Structure formats: C-alpha cells, structure tokens
Number of protein chains: 2
Amino acid sequence: VGKVYLVGAGPGAADLLTVRAVRLLAMADIVFHDALVQPDVLDLAPQAEKIAVGKRCGAHSTSQRFINKRLADAAARHPVVVRLKGGDPMLFGRAQEEIDALAAAGVDVEVVPGVTAALAAAADLNVSLTRRGVARSVVMVTPRVGEGESPHAWARAAAAADTAVIYMGAGEADAVVAALTGHGMNADIPVVLVENACRPGSFHAAGTLADLAALSRRRGDGPAVIVVGEVGRALALAAAPAFAEPRRIAVAGR
Amino acid sequence: VGKVYLVGAGPGAADLLTVRAVRLLAMADIVFHDALVQPDVLDLAPQAEKIAVGKRCGAHSTSQRFINKRLADAAARHPVVVRLKGGDPMLFGRAQEEIDALAAAGVDVEVVPGVTAALAAAADLNVSLTRRGVARSVVMVTPRVGEGESPHAWARAAAAADTAVIYMGAGEADAVVAALTGHGMNADIPVVLVENACRPGSFHAAGTLADLAALSRRRGDGPAVIVVGEVGRALALAAAPAFAEPRRIAVAGR
C-alpha cells in the first residue's frame, strides 16, 4: 500500500523546489500535477506517469472529488504517489479536501512545504514584506471565494494588515480596488503587480492602488500576485514617471 | 567584486532548503548565518568560512549596522557571499536593511526565497491554512515590534484574518491572548502551538486561545509559531480531553 505526498512545487523555477521535493519526484511512480506546474519541474520525474488534474482560473478543471478518488486509487497500486501543487500546498491549494479524503480511505499522507508566490515576488522585487518601521504583518488573501463564503472578508483582512499579497486577483483589478477602498484602504497606497515571479518572463509594475487596473492591463497571462502596502513605496515612486496616466504619490502619508 | 545572496534556510531540515540554496552554499566563499540555522545546513558549505551573526530572542546579537558592513566588506573580497536566514529572508528577517545598505555600497544582491515557518507548521499538522469554507486569508504577524512601531497593529491584523500565524510569540502567551481578545477575538477560537516544525523534536499542542499559556508551558526552547483560527478546530477537539485544565470547545460557533 502506497503513500501520497502533497508536494509544493514552488513558484515555477525547477531549482526553487526543495531538495525533499526533488527526491520524491525522482522516486515517484505517478505524479498528479496542477496545470501551472512547469515542464522542467515535471522532468524531475522522468520515470513517473504524469497526470494533469489542474485547474487554471476559468478554464476546464477536474472535479475535486474525482481527484481525491484518483489519488486514493493510485496509492492502492503504487508505493510513491506525488500530488504536485504550485507554490505551497497549504495556501489556496484545496489540500485539506485531499488530505481528509485520503485519511478517510486509510491512505497515509505527508505534506512537503514549498515556496509560496508572495515570497517569490518579494525575492524578485528585493522588497521585504515586513520592512521594520513600515510593516510587521503580511496577509495572503484571494478574492476568489467559494459558495457560502463571505465575499468581503478577504478585503477586510487585507485592509487590516500592513502588507497584503493578493493571489488570483490580477484578472479582476477593478473589483479588487473597489473592495479594498470600500474597506477603508487609501487609493494612494503603493501596489506592485508581479507576474511570473522567480520564472523566466518575470514582470512587475508598480504604482498606487488607483492605478491597479492600468498596471494589470500591462501583464501577460502568467500567474500573478499583487503586493499592496507601504513596503512597495520606493518601487511605486520610481515607476511613477513612466505611468500612462501619471499620478503623484502622497509621500507625506508615510 | 562579489555578490551577496540572501538565502532562505527554510524551517530547519537540510532537505527543506531549495536546490538553488544548496547550490549557492556549495559555491560560497563565506556564509553569514543566523543563530537558528542548524549545523547540518551549515555542513552544506564545508568549504566556506562560517560566521554567526544571529540573533536569538533575548540573547546577545550582532548589531544590524555591523552586519551590513561585514557583508559589504566580504563582497569586496569574495565572489560568492551567502547571508543565510532561517525561514524566508523577506518575512521578519531585517532583509531590507541589508539590501539597502549593500545597494548603497554598490554591491549586487540577490534574494533566494525559502519555506517559511507557517507553511512548515501547516505541513507538520496536515492542516491547510486556507481550508475552503473556513479560511480564505492567512496573516503572518509578530508581537515583537520595534521602536516607534504600533504595539497593537499586529493584533488588529490577526483578528481580521481567518487564520493568523504568530511568529516569535510563544514566549509571551499571556500578552498575546490579551492583545487578541482585546481586538475582539473569541477566547474559544482554536489555537495550535507548533515548535520545531519540520525538524527533529517537532512538537505541537492544540486547544483554545484561552489555553495558550498552558500550551506554551509544555513547549521546549525551539522556535515556535502559533496558529490561530478555525482551521485548527479538529486538532483542538482531538486534544481537549488531554488538557491539564479541560475546556469545552464551542462547536456551535463554527
């Protein structure tokens, strides 16, 4: 009887997986992976059968219940089953549903943590998310909520933290801005949009919250996070002259 | 002229470093490391000079200005200088002060992200920090604030998020509970204290916020985080019978 490893694939670059993740991929009999996992990461498991079960925003996706069943079935046939998730499995990855279903089926599960997108973005930008004197709290949120979940709680949490990193929100910039300003966030607060953090094609654009929709139109279709907060002020100031619609940044509020 | 790499050492286990971090350690001429970095991680750089500059809560620490200067001096003498920080460099690591000082000295800096303690704890517990229907926001905070920083902002941010992970707070449990309940958090909310996540000697204890001081007395002196929120409810319920002072967990509030 096999075991299922829920493994974080990190932000995309193959050398930002952990050593443990690489070792498990090299041992895996079968790998179930999200759509966002890059081909060179999958190449770390040349011997394994690969099955895409991911989810990409808006696109076709395999139902979670079906994924759970396939994982349990695979563990009945293979010693080492890897479930590879972009970033870290325990942040916005529906890991709990897989863990609970596997536990209910009597299958052992182990989680291997990974580098999450917020930290990859900070590394790309050379911007600490908790700069002393400026930010001592960082919230990771997503405006994508499920059935029965509050559509406003994420924005309240974002507005209360010194730094907010918004996952899966770049495609709905207008709604993000409306929700954040509706919870009292100033439209002059710095934002930095980071696409493909720590990957080839990495792109970032900085400005203020009011500029987010304009910044977002400049991105491609890679995964992106939005960093909101005073930690981004230097980047926002440096970028301001290049804006399509220039805007003065209120340094006085610092 | 050399380059300084600010590298995340992850939660402690040597195989939870990224492949990029391991490669840089193998190339490093000199490694400046925090006190919490484990010996087997330092063994990944057998050829390098190792210099401990860390900080441990309450203990003697090298002044930040002196660390900045030593990093710049080392880059003038060595091609590859690694500054190794526990967890991820961009969360509670004073990285910005080092990045800015090195930039001012004309030294190239590159950040290599790592696995942060919150995600290591979630992996150890098999508990997602963003379980669907329960939590869609995670805040990482510390009650340790510097001069001129608000002593209350962290608790406000923690109370507004669905899940809060508190860094460097286990040693001051009473103050943490007072701050969180003072910001409207219910004393019946589940908490899980995790010490040495993803390391040998990993320990966790679950209960409610009201129990935090009792839970904290059971830990050793390893690094610990506190996970606060409904995502910990199953662990808190499972642990309740074993409490020194048992307490009913309010399931109705779920």
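Lettering of chains follows the sequences in order, A, B, ..., and the numbering in each one begins at 1. Note that the structure is a prediction, hence the values are computed from the model and not measured.
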Backbone N/O of B/Leu16 and side chain of A/Thr18: donor-acceptor pair under 3.5 Å: no
Option that, when pairs with chain B are counted at under 4.5 Å, heavy atom only, ranks first among A/Val127, A/Thr163, A/Thr116: A/Val127
Residue part contacting chain A, namely of B/Ala13, when any heavy atom lies under 4.5 Å: side chain
Derivation of the side-chain contact (heavy atoms from CB on, under 4.5 Å) call for A/Arg136 and B/Val141: CA-CA 6 Å; A/Arg136 300 306 280 165; B/Val141 291; over 6 Å; no
A/Asp162 with B/Arg156: basic N within carboxylate O range, under 4.0 Å: no
Proximal component of A/Asp88, with respect to chain B [non-hydrogen, under 4.5 Å]: side chain
Option that, when pairs with chain A are counted at under 4.5 Å, heavy atom only, ranks first among B/Gly8, B/Ala160, B/Ala123: B/Ala123
Options B/Asp100, B/Val112, B/Val115, ranked by heavy-atom pairs under 4.5 Å with chain A, top entry: B/Val115
A/Leu17 portion near chain B, given a 4.5 angstrom heavy-atom threshold: backbone
Distance in Å, A/Tyr167 OH paired with B/Thr130 OG1, rounded so as to fall on 0.5 Å steps: 9.5 Å
B/Ser128 (side chain) donor-acceptor with A/Gln96 (main chain) under 3.5 angstrom: no
Under 4.5 Å from any heavy atom of chain B - which part of A/Ala135: neither
For chain B, the option from A/Val165, A/Val111, A/Val145 that forms the most heavy-atom pairs under 4.5 Å: A/Val111
Per-residue contact mode, A/Val138 against chain B (heavy atom under 4.5 angstrom): both
CZ on A/Arg132 to CZ on B/Arg144, rounded to 0.5 Å: 10.5 Å
Rounded distance [0.5 Å steps], CG in A/Asn126 versus CD1 in B/Ile99: 4.5 Å
Contacting moiety of A/Asp124, where chain B heavy atoms sit under 4.5 Å: neither
Greatest number of heavy atom pairs closer than 4.5 Å to chain A - which of B/Ala14, B/Gly114, B/Ala234, B/Ala95: B/Gly114
Closest non-hydrogen atom pair between B/Ala157 and A/Ser137, with its separation: CB-OG, 3.6 Å
Interatomic spacing from CZ in B/Arg131 to CZ in A/Arg94 - rounded to 0.5 Å: 11.5 Å
